[in-house]
Amino acid sequence: MTWYQTGLPHIWLPYTQMKTANPPLAAVRTNGTRITLADGTQLVDGIASWWTACHGYNHPHIRETVQHQLETLPHVMLGGLVHEQALALARRLCDLLPENLTRVFFSDSGSVAVEVAMKMAVQYWLNKGVRGRTKMLAFKGGYHGDTIATMAVCDPEEGMHNLFTGLLPEHHVVDLPRDEESIAAFDAFLERHADGIAAILVEPLVQGAGGMLFHDPRVLQHLRRAADKYDLLLILDEIFTGFGRTGPMFALEAAEVAPDIVTLGKGLTGGTLPLAATVASSKIFDAFWSDDAQHALAHGPTFMGNALACAAANASLDLFEREPRLLQAAEIGKAMAPALGRCIGMNGVKDVRVKGAIGVVELEKIADMNALKAALVKEGVWVRPFRNIVYLTPALTIDEADLRKLTNAIVKVIENRAGL
Ligand SMILES: *Cc1c(COP(=O)(O)O)cnc(C)c1O
């Protein structure tokens, strides 16, 4: 395999200490919930490539739709041009989301979709003639991306606010209002600072990459009420939670709150092509609808609305319509709860929690991450723990046997304390 040896010295991998991490595994093929490695090993995939591949890998309907699009119109700029796939997708996303959300702005990554949401929120106030509302109110444990603007609204530790002091814009990052004490602190904070805030930004129900932390729908209802009281915008970042991951199509459905802006990404194309979206309400859009050219939204990624990616997303939505994905998400949760529950009480296990098709084993600590990762691969599964978290976000199409293989591997490795 010369491509591996000759290329490896030239690639820079994500979140990786390139000197000390286990060498990356060479993937040569994917199918369903399996990844085949160059040496012929098949791994059962527990995280669906950062939970993007919600229909499993290589779904024929997505492949055929993208193939057809590749032959007719792979890409045109959205500057001055539109195409059927982008318009159809925009309409379909608006049909799936709460009624007030009516306008879709496409981009190519979740981080950019969040940046666009933040820009929309700030420019919304400027267009309305309100100055000084430039800050976001975000939450500890949150994750919204890796770009400079989005790092600034992540959990301060995870977002490395100390490391990048001076570079990051300053926003407010506070505790979620989840109990009496934190609600009182949150309300008091708003009373003092609401004037400078453009929007509240939160991942609904599950804070994903920041630590797989769950919260109650009532938290979101409190945020909506607070936003209404102080005339703030509410941005829900559904990039992790969207497309059935927490059970319903979107997590916001469980809370029955209508946000002003929603961001989508990750599962949007069923894990095939990069695409993200920022969906705005009519209230937001109306503030940009003007005879004044300065009031236009000042953003435009080169590849926004890429036709191949939009075709993949449309095909993915077809599959959500035709196949029982949300039922499958619920079934996965039902199976994971008792299966991962076997870890409760084991030495070093802090918590086990399951919501929708998300299963989490939180450990006291992981002392040797390389050893833990290697032990999981040895069990024939692809799971990528981070910090003190071992989690599963499998394809919603995973069958019982593969899911059992995943949970058994995690239970066994934790029981044997590999790397712990
Ligand atoms: C992954 C993620 C992002 C960032 O998306 P990228 O495509 O990696 O830029 C933003 N918000 C949430 C909630 C995410 O899970």
Side-chain angles (χ1 to χ4, degrees), residues 12-16 47-54 105-121 136-155 158-160 168 171 173 176 199-215 219-220 223 234-246 249-252 255 259 261-279 299 301-306 309-310 312-313 316 355-358 360 384 386-387 389 391-394:
W12 200 331
L13 297 169
Y15 309 110
T16 303
I47 53 175
S49 287
W50 282 320
W51 49 96
T52 58
C54 45
F105 189 96
F106 288 114
S107 53
D108 356 282
S109 81
S111 301
V112 173
V114 173
E115 293 224 5
V116 169
M118 289 162 64
K119 268 174 91 166
M120 273 179 188
M136 298 294 132
L137 176 56
F139 297 95
K140 289 180 189 161
Y143 176 81
H144 300 286
D146 289 345
T147 56
I148 289 163
T150 57
M151 265 199 296
V153 287
C154 289
D155 183 272
E158 284 304 287
M160 298 166 283
L168 298 191
H171 295 290
V173 185
L176 274 173
I200 300 174
L201 168 62
V202 68
E203 298 160 87
L205 295 195
V206 180
Q207 294 178 300
M212 302 286 168
L213 303 163
F214 302 166
H215 57 259
V219 171
L220 300 173
L223 295 182
L234 178 63
I235 305 171
L236 297 186
D237 180 353
E238 289 256 12
I239 293 170
F240 175 74
T241 52
F243 306 104
R245 187 50 60 187
T246 70
M249 192 63 168
F250 299 107
L252 57 83
I261 303 175
V262 166
T263 54
L264 303 172
K266 294 257 166 60
L268 178 57
T269 65
T272 54
L273 286 149
L275 184 68
T278 309
V279 189
H299 208 91
T302 303
F303 274 101
M304 74 181 285
N306 173 261
C310 289
S316 175
K355 191 189 289 286
I358 307 163
V360 182
R384 208 181 135 82
F386 66 96
R387 236 165 52 206
I389 305 283
Y391 72 95
L392 290 175
T393 50

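Order of listing sets the numbers, starting from 1, for every ligand and every atom in it. Both backbone and side-chain heavy atoms feed into the values below; hydrogens, waters and symmetry mates do not.
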For a 4.5 angstrom cut-off between non-hydrogen side-chain atoms, does Leu252 reach Leu220?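 No, side chains not in contact.
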
What part of Glu238, side chain, backbone, both or neither, has a heavy atom within less than 4.0 angstrom of ligand 1?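 No part of Glu238 comes within reach of ligand 1.
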
Residue portion contacting ligand 1 (non-hydrogen atoms closer than 4.0 Å) for Tyr143: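 Looking at Tyr143 and ligand 1, atoms from backbone and side chain both fall under 4.0 Å.
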
Asp146 and Ser111 side chains, donor-acceptor separation under 3.5 Å: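 No, no side-chain donor-acceptor contact under 3.5 Å.
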
N/O of Val112 under 3.5 Å from N/O of ligand 1, yes or no?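 By distance alone, the answer is no.
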
Do Ser111 and ligand 1 have an N or O pair less than 3.5 Å apart?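 Yes, Ser111 has an N/O under 3.5 Å of an N/O on ligand 1.
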
Which atoms from ligand 1 have a heavy atom of [X] less than 4.0 Å away?
X	value
Asp237	10 (C), 11 (N), 12 (C), 13 (C)
Ser109	7 (O), 9 (O)
Gly110	4 (C), 5 (O), 6 (P), 7 (O), 9 (O)
Glu203	13 (C)
His144	10 (C), 11 (N)

Nearest 0.5 Å please: distance from the [atom1] atom of [X] over to the [atom2] atom of [Y].
X	Y	atom1	atom2	answer
Ile261	Met118	CD1	CE	11.0 Å
Met151	His144	CE	NE2	14.0 Å
Leu275	Leu264	CG	CG	9.5 Å
Leu168	Thr147	CG	OG1	10.0 Å

Is it true that a side-chain atom of Gln207 and a backbone atom of Lys140 form a donor plus acceptor pair closer than 3.5 Å?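 Answer holds: yes.
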
Considering only the protein, which heavy-atom contact is closest to atom 1 (C) of ligand 1, and what is its distance?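 The closest heavy atom on the protein side is Lys266 NZ, 1.5 Å.
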
